[in-house]
Structure formats: structure tokens, C-alpha cells
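Proteins come first, then strands; the chains are lettered A, B, ... in the order of their sequence lines, and each starts at number 1. Computed over heavy atoms, backbone and side chain alike; hydrogens, waters and symmetry mates excluded.
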There are 2 protein chains.
Amino acid sequence: MPDADRQAANFQRVREAHQTELAEDYVELIADLIDSTGEARATDVARRLGVAHPTVVKAIGRLQRDGLVESLPYRSIFLTETGRAMAERCKRRHEIVVGFLRKIGVDEETAERDAEGIEHHVSEMTLAAFERLIRSKPLG
Amino acid sequence: MPDADRQAANFQRVREAHQTELAEDYVELIADLIDSTGEARATDVARRLGVAHPTVVKAIGRLQRDGLVESLPYRSIFLTETGRAMAERCKRRHEIVVGFLRKIGVDEETAERDAEGIEHHVSEMTLAAFERLIRSKPLG
DNA sequence: TATAACGTGTAGTATAAGCTATAATTGTTG
DNA sequence: CAACAATTATAGCTTATACTACACGTTATA
């Protein structure tokens with residue numbers, strides 16, 4: 001049953017995506033905070049994510065272990081080169097997903113909401129299809 | 001900053017979606033196994049998901065606690081009314097997402113792969129937009 | 001029918017992600 | 001410059017999801 005194997009591989013891929021999902025959300029948010037306010041503080045990240053700050057501290061620890069951010073005790077959070085690159089990739093992808101949803105008639109708020117969940121599971125091929133559609137003539 | 005609040009709410013929604021995601025995958029898969037082979041065995045579920053069987057056993061326990069499945073020791077797994085309803089909703093949604101991805105030019109395999117991750121994060125509004133697009137004239 | 005093979009369950013471990021409560025540090029201000 | 005407010009860190013707990021290793025039941029067959 002090769003179908004079952006392929007399905008198992010798909011589920012596995014989704015599980016892997018989940019592991020990077022949080023990292024992506026964090027670096028994207030940290031980049032956003034740095035760009036807009038000059039620095040990323042744990043408290044701000046917590047507020048924006050809607051979680052308690054110790055949760056953020058632990059997550060930052062993991063991100064640091066994985067080479068995505070750098071932080072010193074009682075200082076603000078910085079992105080490494082890798083982290084910054086990931087953030088930019090995510091931001092671009094996020095914008096494409098939102099733009100695409102808007103294009104097919106989803107309202108701004110729903111588009112932002114759905115994109116937050118969808119963006120982590122979009123392959124390059126699908127992303128390219130989204131871009132194609134965005135550039136195409138109006139639908140309807 | 002109402003923007004920050006809305007963003008926090010969006011992230012919160014995604015985290016909630018994650019909690020139901022696994023349940024959705026399980027019931028959909030169990031329904032599929034029952035319909036195609038007559039029964040759902042833990043081993044088959046494990047193989048299809050690509051995880052070890054104790055993982056499935058624990059998950060089934062949670063699903064049972066949540067009223068989605070019924071199972072007795074050393075017997076196969078059954079869906080409750082609630083579980084069956086969820087499975088059908090998921091199956092329909094899955095098919096719409098795949099159909100939609102195919103329509104915009106994503107190949108079968110990638111569509112299946114991406115849909116597995118995307119489907120859990122698609123609102124009713126977005127789903128409706130997908131359906132509209134599927135029914136529209138060919139793109140390109 | 002006894003046993004081997006397979007399926008299922010249990011125990012124990014790890015990691016991630018969340019929380020509350022408490023401690024430590026920093027920075028601001030009286 | 002001392003004290004207080006705000007931020008950051010730590011400790012300890014919970015749940016979910018994964019794993020391996022081992023024990024127990026069922027089923028099929030020799």
C-alpha cells in the first residue's frame with residue numbers, strides 16, 4: 001500500500017512543520033518589533049502572542065539553542081543572521097497568503113486570522129500558485 | 001494598541017486549532033479505515049500516521065475521554081456520533097482544500113501534502129471562497 | 001490443542017508549550 | 001541615593017505528544 005506510506009509521510013511532514021511553526025512566529029514577531037519599535041522585549045512578545053511571559057522566556061531559550069536569536073539576561077532580544085533570514089522568508093510568505101485570501105474575496109480580518117495558521121503549511125509550489133493568482137485579473 | 005490585541009487573539013486561535021488538529025486527523029483517518037476496510041485497528045492508524053502504536057493508544061484514550069471514539073481493550077476502534085460528524089466535516093473540508101489547490105495549478109501530490117496542514121486552519125469564509133473558485137471557469 | 005506470531009496495552013522517559021507564584025535585576029523617581 | 005515600579009528570570013506544575021522496552025491477549029497454525 002504505497003498510498004498509506006505517502007499519507008504517513010504527509011502527516012510526518014505536518015508534525016515537522018509544527019516544530020518550526022512556533023520558531024517562525026517568534027522570529028517574525030521579533031523582527032517586526034525590532035523594525036517598528038527599535039527593540040524586542042520579552043514582555044512585548046508575550047503580549048503580542050497572548051501568552052504569559054515565562055512561556056516566552058523558555059521559548060527564547062530554545063530559539064537561542066537553535067541559533068535563531070541571541071539574548072543576554074535582562075537585555076532585549078536580537079536575531080541572528082539565520083533568524084533574520086527566516087523572519088524575512090516568513091514575512092514574505094505571510095503577505096502572499098494574506099494577499100491571496102483577499103484576492104479570492106476573504107475579508108481583511110479573516111484573511112489575517114487564517115493566514116496565521118495556513119502560512120506554515122504552504123509549499124513553494126502552492127506559494128507560487130498564490131502569487132500567480134494575485135497577479136491575475138480580478139475574479140468574480 | 002488594538003492591532004496587538006487582534007494579533008494576540010489570532011495566535012490564540014491558532015493554538016486552539018492545534019489542540020483540535022490531532023483529534024481531527026484521528027477521527028478522519030478512523031472513519032476512512034472503517035469505510036474502506038470495515039474496521040479501524042490501532043496498528044493501522046499508527047502505520048497511516050507514521051507514529052508508534054503506543055502513541056496511538058494514548059491518543060485514542062484522549063479521544064475517548066473527549067467523547068469522539070469508543071474502544072474496548074483488544075477491540076477495534078469505533079466513532080461516536082460526535083466523532084463521525086467531525087470526521088465527515090473534516091473529510092468534506094479536506095476535499096475542498098485539495099480540489100482548490102488542484103484548481104490553481106498545484107499537482108496532486110503537493111496538494112494532498114499541503115492540504116493536510118492547511119485544512120485545519122481554514123475558516124468557513126475562506127472555505128466558501130475556495131468552493132466558489134473551484135466552481136468558477138478554468139484559470140490561466 | 002498448544003504455541004508462535006501478531007496485535008494491543010503498560011511503564012517509564014523526553015521534549016515542548018503552556019501556566020502561576022516568587023525572586024532577582026534594572027531603571028526611574030522622589 | 002534609596003526605594004519603588006516594571007521587567008526579566010527561575011522554580012515548579014500540567015498536559016500533550018512522541019519514543020523504546022516489555023508484558024499481556026488473541027488468533028492462526030502446526
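- Regarding B/Asp25, its CG atom lies at a distance of 13 Å from the C1' atom of D/dT17, rounded to whole Å.
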Side-chain donor-acceptor distances from residues 56-75 of chain B under 3.5 Å, at least two apart:
unit_1: B/Gln64; atom_1: OE1; unit_2: B/Ser71; atom_2: OG; d: 3.3
unit_1: B/Gln64; atom_1: NE2; unit_2: B/Ser71; atom_2: O; d: 3.2

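- Counting any heavy atom pair closer than 4.0 Å across all strands shown, A/Leu72 reaches sugar-phosphate atoms only and no base atom.
- Where B/Ser76 and A/Tyr74 meet DNA chain C, the nucleotide closest to each residue was compared, and B/Ser76 sits on the side nearer the 5' end.
- The separation between A/Glu39 atom CD and D/dA6 atom P is 17 Å, rounded to whole Å.
- Salt-bridge check for B/Glu108 with B/Arg102: passed, with a basic side-chain N closer than 4.0 Å to an acidic carboxylate O.
- Protein atom CD of B/Glu21 is 11 Å distant from nucleotide atom P of D/dA18, rounded to whole Å.
- Taking the six-membered ring where the residue is Trp, B/His18 and B/His121 present perpendicular rings, their angle passing 60° and hence far from 30°.
- Put simply, A/Thr43 has a side-chain N or O that comes within less than 4.0 Å of OP1 or OP2 on D/dT8.
- Ring geometry for B/Phe130 against B/Phe100 counts as parallel: the plane angle stays under 30°, on a 0 to 90° scale with 60° as the upper cut.
- A salt bridge links B/Arg92 to B/Glu131: at least one charged side-chain nitrogen sits closer than 4.0 Å to a carboxylate oxygen.
- Atom-to-atom, CZ of A/Arg41 to C1' of D/dA5 comes out at 13 Å; the value is rounded to the nearest Å.
- Atom-to-atom, CG of A/Asp44 to P of D/dT7 comes out at 8 Å; the value is rounded to the nearest Å.
- Ion pairing of B/Arg93 with B/Glu95 is absent here, as no side-chain N (NZ or NE/NH1/NH2) approaches a carboxylate O to less than 4.0 Å.
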Tell me, for nucleotides 12-21 of chain C in 5' to 3' order, what letter each nucleotide earns: B for a base near a protein heavy atom under 4.0 Å, S for only sugar-phosphate near one, - for neither?
BB--SSBBBB

